[in-house]
Engineer: 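There's a structure below that I have some questions on.
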Amino acid sequence: MIISVKVKTKAKENKLTPPESKLWPVTETEIYTASVKELPVHGKANLAVQKLLANHFRVTLEEVELIRGATSKLKVFSIST
């Protein structure tokens with residue numbers, strides 16, 4: 001599954017908000033919002049988002065892969081299910 005995530009850094013808590021659409025499966029046009037405490041330095045924020053996604057979809061960390069947007073606020077992840 002491919003999903004898009006908009007990342008907000010320097011948040012008070014780590015939180016993942018699903019898209020408002022109730023459609024399943026999620027398409028790339030639907031965007032999750034991830035708020036993470038970490039700063040966007042040395043990939044720390046990317047790793048925090050990766051952990052949030054792994055926890056949300058109940059998969060291992062290795063099954064969540066960043067495909068696009070390593071230095072952007074809008075990222076695309078692949079999740080193996």
Engineer: Considering non-hydrogen atoms only, spot the tightest contact between S80 and V59 and give its length.
Structural biologist: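 Nearest heavy atoms, S80 then V59: O-CG1, 3.6 Å.
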Engineer: Any idea which heavy atoms bring A70 and L66 closest together, and the distance?
Structural biologist: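 Result for this residue pair: CA-CD2, 3.7 Å.
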Engineer: Looking at every heavy atom in both T33 and K8, which two are closest together, and how far apart are they?
Structural biologist: CG2-CE, 4.0 Å
Engineer: When rounded to the nearest 0.5 angstrom, what distance separates NE2 in H56 from OG1 in T17?
Structural biologist: 9.5 Å
Engineer: Any side-chain heavy-atom pair from E63 and I79 closer than 4.5 angstrom?
Structural biologist: no
Engineer: Can you measure from NZ (K37) to CD (E13) and round to the nearest 0.5 angstrom?
Structural biologist: 8.0 Å
Engineer: Measure the spacing between CD1 of I2 and CZ of F77 and express it to the nearest 0.5 Å.
Structural biologist: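 If we round to the nearest 0.5 Å, I2:CD1 and F77:CZ are 11.0 Å apart.
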Engineer: Less than 4.5 Å apart, side chain to side chain, heavy atoms only: is that true for E38 and N14?
Structural biologist: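 Sidechains of N14 and E38: in contact.
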Engineer: Are the side chains of Y32 and S4 in contact, using a 4.5 Å heavy-atom criterion?
Structural biologist: no
Engineer: Got a sec, which pairs hit side-chain hydrogen bond (donor to acceptor under 3.5 Å, both in side chains) with one end in residues 40-50, sequence neighbours left out?
Structural biologist: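 Those involving residues 40-50 are N46-K75.
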Engineer: Kindly write out the residues that satisfy side-chain hydrogen bond (donor to acceptor under 3.5 Å, both in side chains) with E65, not counting sequence neighbours, or none if the list is empty.
Structural biologist: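 Expected list: none.
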Engineer: Between I3 and L53, does a side-chain contact (heavy atoms from CB on, under 4.5 Å) hold up when you go through it step by step?
Structural biologist: CA-CA 10 Å; I3 63 166; L53 290 170; 3.5 Å; yes
Engineer: Decide yes or no on side-chain contact (heavy atoms from CB on, under 4.5 Å) for V49 and V64, but give the supporting numbers first.
Structural biologist: CA-CA 10 Å; V49 173; V64 179; over 6 Å; no
Engineer: Is there a side-chain contact between M1 and F57 (heavy atoms, below 4.5 Å)?
Structural biologist: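 Side-chain contact under 4.5 Å: yes.
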Engineer: Mind checking the NZ-OG spacing from K6 to S35? Nearest 0.5 Å is all I need.
Structural biologist: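 K6 NZ to S35 OG: 10.0 Å, rounded to 0.5 Å.
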